[in-house]
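Take a look at the structure set out below.
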Amino acid sequence: MLATGCTESPPRYAGTGYDVVLLAGQSNMSGRGLGADPMADTPADARLLAWDARANTLRLARDPLPHQDLGERPVRIGPGISFGHAYLARGGAGRQLVLVPAAYGGTGFTDKAGSWRVTGAAVSPLVTEAVARANAAMRAAHARGAPARFVAILWHQGETDGGTRMAPEAYAAELVALAGYLRSHIDGAGPSTPFIVGQYVPAFLAGSPSLQRIAGINRNLPATLARSACVGSAGLSGNGPSDTIHFDAASQRVLGGRYAAALDALERHDTSAPCDWRLEEPRTGHQVP
């Protein structure tokens with residue numbers, strides 16, 4: 001049973017500062033994970049918070065996180081909470097982590113109704129909302145009486161653009177432009193802010209040559225965008241035969257840990273981690289809209 005989102009107010013602050021991370025992209029970032037959840041009985045961590053844009057406040061972070069699509073589309077288990085636990089496990093001398101959920105399912109660079117483009121005549125509403133959420137979270141953290149720093153942008157998206165057979169060169173240009181825009185408009189971000197992308201469900205990816213070309217853009221992103229990294233999806237699974245596009249809950253928990261490991265590797269200037277996928281037998285599951 002999922003909680004109803006981030007509904008608990010955080011305890012009185014007792015750390016040395018806040019680290020703020022943006023979670024953006026489409027449905028696999030906001031989360032559609034079903035099935036056995038290895039973190040189902042893990043209590044909320046008082047050091048792990050989320051920005052709730054609808055309530056205009058910081059809350060204890062619980063699934064489902066309050067992404068842009070929460071309430072309009074199903075939001076279940078995503079990578080954010082397990083990323084947060086892995087990030088906090090590194091230590092950090094009393095730092096607390098604020099997740100900023102801003103993904104929206106079914107969106108891409110080619111979807112006019114829900115685009116992430118910043119290269120057109122006007123910046124898309126999804127992007128301006130993501131920036132507004134990140135900046136509001138930074139202000140809220142500062143208001144709690146401790147220094148806040150913006151740490152990273154986590155991005156998972158591409159399934160929509162793979163479905164529309166977007167040219168990989170065009171996808172690469174839009175992705176790099178988006179990274180630059182977010183880095184220049186989020187308070188505390190800059191050219192060195194890590195931008196980390198994730199690969200797709202292997203079984204779904206194996207059947208989509210157009211998405212494989214976008215996965216190649218992800219794999220090669222560190223060669224074209226400074227301070228970027230790609231998270232591999234090898235060994236992970238979808239929700240089942242009726243929904244191979246979305247990672248199941250257990251795989252989402254692993255994926256979140258891989259995002260944290262990629263951030264660690266960037267800080268160590270280590271680019272040796274693989275960003276690949278392989279075909280996996282899909283697990284039995286249920287349709288996710």
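Throughout, residue positions are numbered sequentially from 1 according to the sequence presented.
- Under a 3.5 Å cut-off, the side chain of R144 and the backbone N or O of L58 do not form any donor-acceptor pair.
- P202 and S233 get closest at one heavy-atom pair: CG-O, 3.2 Å.
- Partners of R117 by side chain to side chain contact (heavy atoms under 4.5 Å, CB included), not counting sequence neighbours, listed by chain and number: F109, S115, T119, E174.
- To the nearest 0.5 Å, the span separating CZ on F195 from CG on L263 amounts to 13.5 Å.
- Residues R47 and L97 fail the side-chain proximity criterion, which asks for heavy atoms closer than 4.5 Å.
- A173 meets the side chain to side chain contact (heavy atoms under 4.5 Å, CB included) test with no other residue; sequence neighbours excluded.
- Between G35 and A249, the closest heavy-atom pair is O-CB, 3.9 Å.
- D45 approaches L60 most closely through the heavy-atom pair O-CD2, 3.9 Å.
- Checked against side chain to side chain contact (heavy atoms under 4.5 Å, CB included), P168 has the following partners two or more places apart in sequence or in another chain: R213, I217.
- Within the 3.5 Å criterion, the main-chain N or O of D52 finds no donor-acceptor partner in the side chain of R59.
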Could you check R62 against I81 for side-chain contact (heavy atoms from CB on, under 4.5 Å), going step by step and ending with a plain yes or no?
-> CA-CA 7 Å; R62 291 184 181 274; I81 298 294; 5.6 Å; no
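- Applying side-chain contact (heavy atoms from CB on, under 4.5 Å) to Y259 and the options V231, V21, L23, D264 leaves one that passes, V231.
- The shortest distance between side-chain heavy atoms of L22 and F150 falls below 4.5 Å.
- G256 approaches S82 most closely through the heavy-atom pair CA-OG, 3.3 Å.
- Once rounded to the nearest 0.5 Å, the distance linking CG of D63 with OG of S30 reads 10.5 Å.
- Of all non-hydrogen atoms in Y171 and G158, the two that sit nearest each other are OH-CA, 3.8 Å.
- Not counting sequence neighbours, R227 has no partner by the salt bridge (charged side-chain N to carboxylate O under 4.0 Å, His left out) test.
- Although no hydrogens or angles enter the test, the distance criterion places no donor-acceptor pair under 3.5 Å between the side chain of N220 and the main chain of A223.
- Taking the side chain to side chain contact (heavy atoms under 4.5 Å, CB included) definition, one finds that H185 meets it with V131, Y181, sequence neighbours left out.
- Rounding to the nearest 0.5 Å places OG1 of T193 at 6.0 Å from CD1 of I153.
- Between the R54 side chain and the Q68 main chain, a donor and an acceptor come within less than 3.5 Å of each other.
- Taken to the nearest 0.5 Å, the OG atom of S124 stands 8.0 Å off from the CG atom of L178.
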Stepwise side-chain contact (heavy atoms from CB on, under 4.5 Å) test for S27 and R73 = CA-CA 9 Å; S27 55; R73 298 194 176 192; over 6 Å; no
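- For the atom pair CH2 of W51 and OG1 of T57, the computed distance is 6.0 Å after rounding to the nearest 0.5 Å.
- Remark: side-chain polar atoms of T110 are not paired, donor with acceptor, to backbone N or O of D161 under 3.5 angstrom.
- Contact of the P79 side chain with the L154 side chain is not registered, since no non-hydrogen atoms from C-beta on lie closer than 4.5 Å.
- Two residues are said to be in side-chain contact when any heavy atoms from C-beta on lie closer than 4.5 Å; H246 and R76 fail this criterion.
- Within the structure, every pair that satisfies the disulfide (SG to SG under 2.5 Å) test and touches residues 167-241, not counting sequence neighbours, is listed here: C230-C275.
- The local environment of CZ in R90 is crowded, with over 12 non-hydrogen atoms from other residues, nucleotides or ligands closer than 6.0 Å.
- A donor-acceptor distance shorter than 3.5 angstrom exists from the side chain of N239 to the backbone of L34, with no hydrogens or angles considered.
- Here the closest heavy-atom approach between residue I214 and residue G162 is recorded as CD1-N, 3.5 Å.
- Q96 places no side-chain N or O within 3.5 Å of a backbone atom of L49 that could act as its donor or acceptor partner.
- Inter-residue side-chain proximity for V127 and L182 is flagged as met; some heavy-atom pair is nearer than 4.5 Å.
- For D69, the salt bridge (charged side-chain N to carboxylate O under 4.0 Å, His left out) partners at least two apart in sequence or on another chain are R32.
- Under the salt bridge (charged side-chain N to carboxylate O under 4.0 Å, His left out) criterion, R133 pairs with E129, sequence neighbours left out.
- Annotation: side chain to side chain donor-acceptor pair (under 3.5 Å) contacts of D187 (sequence neighbours excluded): none.
- Looking only at atom types and distance, the side chain of Q157 has no donor-acceptor partner in the side chain of Y104 under 3.5 Å away.
- The main-chain N or O of A206 is never found under 3.5 Å from a side-chain atom of Y200 such that the two would form a donor-acceptor pair.
- By the salt bridge (charged side-chain N to carboxylate O under 4.0 Å, His left out) test, R149 is found to be paired with D19, residues two or more places apart in sequence or in another chain being considered.
- Under a 3.5 Å cut-off, the side chain of T244 and the backbone N or O of F204 do not form any donor-acceptor pair.
- In this structure, the side chain to side chain donor-acceptor pair (under 3.5 Å) partners of E159, at least two apart in sequence or on a different chain, are N28.
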Test side-chain contact (heavy atoms from CB on, under 4.5 Å) on L99 and L48 and set out the steps.
-> CA-CA 8 Å; L99 302 175; L48 180 58; 4.0 Å; yes
Are Q199 and D276 close enough, and set up right, to give a side-chain contact (heavy atoms from CB on, under 4.5 Å), and what steps lead you there?
-> CA-CA 7 Å; Q199 295 288 41; D276 293 317; 5.7 Å; no
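- Every residue two or more places apart in sequence or in another chain that forms a side chain to side chain donor-acceptor pair (under 3.5 Å) with W116 is listed here: T107.
- Here the CD atom belonging to Q212 is positioned 8.5 Å from the OG atom belonging to S210, to the nearest 0.5 angstrom.
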